[in-house]
Student: 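This is the structure, below, for whatever I ask next.
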Amino acid sequence: MKHYDYLIVGSGLFGAVAAYLAARKGKTCLVIEKRSQLGGNLYCENMEGINVHMYGPHIFHTSDREVWDFVNSIVPFNRYTNMPVANYKGTLYNLPFNMNTFYQMWGVKTPAEAQAKIEEQKAEAVAKMKADGACEPRNLEEQALILVGRDIYEKLIKGYTEKQWGRPCTELPSFIIRRLPVRFVYDNNYFNDSYQGVPVGGYNLLINGLLKDADTMTGVDFFEDREKWMSVADKVVFTGKIDEWYGYRYGKLEYRTVRFETEVMDMPNYQGTTLVNYTEREVPFTRSIEHKHFEMFGQAVYDCPKTVVTREYSTEWKDGMEPFYPVNDEKNNSLYSQYKALADTEEGVIFGGRLAEYKYYDMAPLVRRALDTQI
Ligand code: UDP
């Protein structure tokens with residue numbers, strides 16, 4: 001077998017950007033991928049002329065101009081703007097939490113009225129924290145109560161979050177909810193970033209563009225013949241699970257996984273938007289995704305007579321399942337830090353991505369991290 005400068009284990013976004021950057025420097029790369037197709041969780045399948053995000057909805061958003069220009073240099077991105085809707089027991093609310101949500105929840109029409117309502121509702125949580133001598137919210141529940149008050153917490157956060165993470169909000173880290181903006185303006189754009197979109201023609205074009213100069217192999221599990229793969233290159237970029245790299249010697253990290261139920265429907269427009277979050281506990285899935293709205297706007301929605309809808313069910317990860325979300329609670333973070341200490345002393349191996357860094361990365365920070373890595 002040919003000898004390479006880099007072996008890249010995993011063809012998701014971090015691996016693909018690493019391959020691109022290496023090739024740009026004249027280095028040779030072999031990318032090996034366990035699944036039967038490239039692209040990690042960005043992979044799309046075309047059904048009925050619609051690019052279906054097979055591993056969950058991916059919306060690229062960033063304020064980092066260099067990152068935005070970089071991905072657009074591979075494939076142009078469209079102007080998709082994420083504006084999800086929450087469905088709580090049949091009543092719809094706009095997300096993220098903004099003046100539209102506050103109006104729907106309480107009938108308040110001005111920012112001052114909305115702020116007063118939240119102040120009133122968060123008083124109890126603030127008092128409890130003070131009584132305990134805590135200066136910062138200690139968990140997701142406290143954080144949510146302080147940000148948006150009890151009504152929104154109970155209707156739009158608690159059920160969704162507990163379904164998504166399979167743990168009570170009192171045992172989850174507060175940063176998860178700080179991902180969501182809270183705004184006192186009428187603005188349903190889910191993200192605060194300057195740039196947002198999805199690749200015109202789907203994410204496979206981005207992945208193929210990034211991997212165009214690399215050799216790639218699919219259906220190959222690095223761990224089935226570790227020695228052989230380690231010998232094919234001078235250096236390794238590893239994007240798999242860090243605990244697996246170290247033979248689980250300190251124990252196994254936990255993840256959440258997602259089960260997708262995808263349905264082709266014989267109608268042009270099912271829910272009128274890409275994402276509807278079902279925020280009550282009783283509905284077993286977390287959200288419903290109508291893929292065509294990522295790339296079809298206006299009349300184009302009706303020019304395509306069918307639609308594809310996916311429902312997402314979140315469950316605890318077990319061996320053999322796809323790990324999606326790292327569970328960044330205290331127990332897992334401290335286990336990760338033991339593995340990280342080993343990784344820091346490793347020569348010739350770069351660990352990158354959600355699984356290798358055990359981090360709830362969005363796409364843009366991951367690209368930034370790859371751009372900043374000495375490859
Ligand atoms: N979240 C919520 N209600 C919603 C949407 C999100 O409570 O309707 C919380 C939930 O805890 C979730 C977190 O916000 O895990 C982050 O949501 P985001 O949409 O960023 O998650 P992702 O798209 O990465 O799964």
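One-based numbering, in listed order, for ligands and for the atoms of each.
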Student: At a 4.0 angstrom heavy-atom cut-off, what protein residues surround ligand 1?
Tutor: L95, L156, I157, Y160, T161, Q164, W165, I176, I177, R179, L180, Y190, N277, T279, R287, Y325, Y360
Student: In terms of side-chain heavy atoms, does N98 have a donor or acceptor partner in N100 at a distance below 3.5 Å?
Tutor: yes
Student: Answer with yes or no whether the hydrophobic clustering places Y160 together with L92; edges join I, L, V, M, F, W, Y residues whose side-chain heavy atoms lie under 4.5 Å apart.
Tutor: no
Student: Tell me whether D243 contacts the main-chain N or O of K252 through its side chain, where contact means a donor paired with an acceptor under 3.5 Å.
Tutor: no
Student: On the six-membered ring of Y361, is R354 placed so that its NZ or CZ lies under 6.0 angstrom from the centre and within 45° of the ring axis?
Tutor: no
Student: R167 and salt bridge (charged side-chain N to carboxylate O under 4.0 Å, His left out): which partner among E254, E141, E330?
Tutor: E254
Student: I'd like to know if the side chain of E295 reaches the main chain of I50, judged simply by a donor and an acceptor atom lying under 3.5 Å from each other, with no hydrogens or angles considered.
Tutor: no
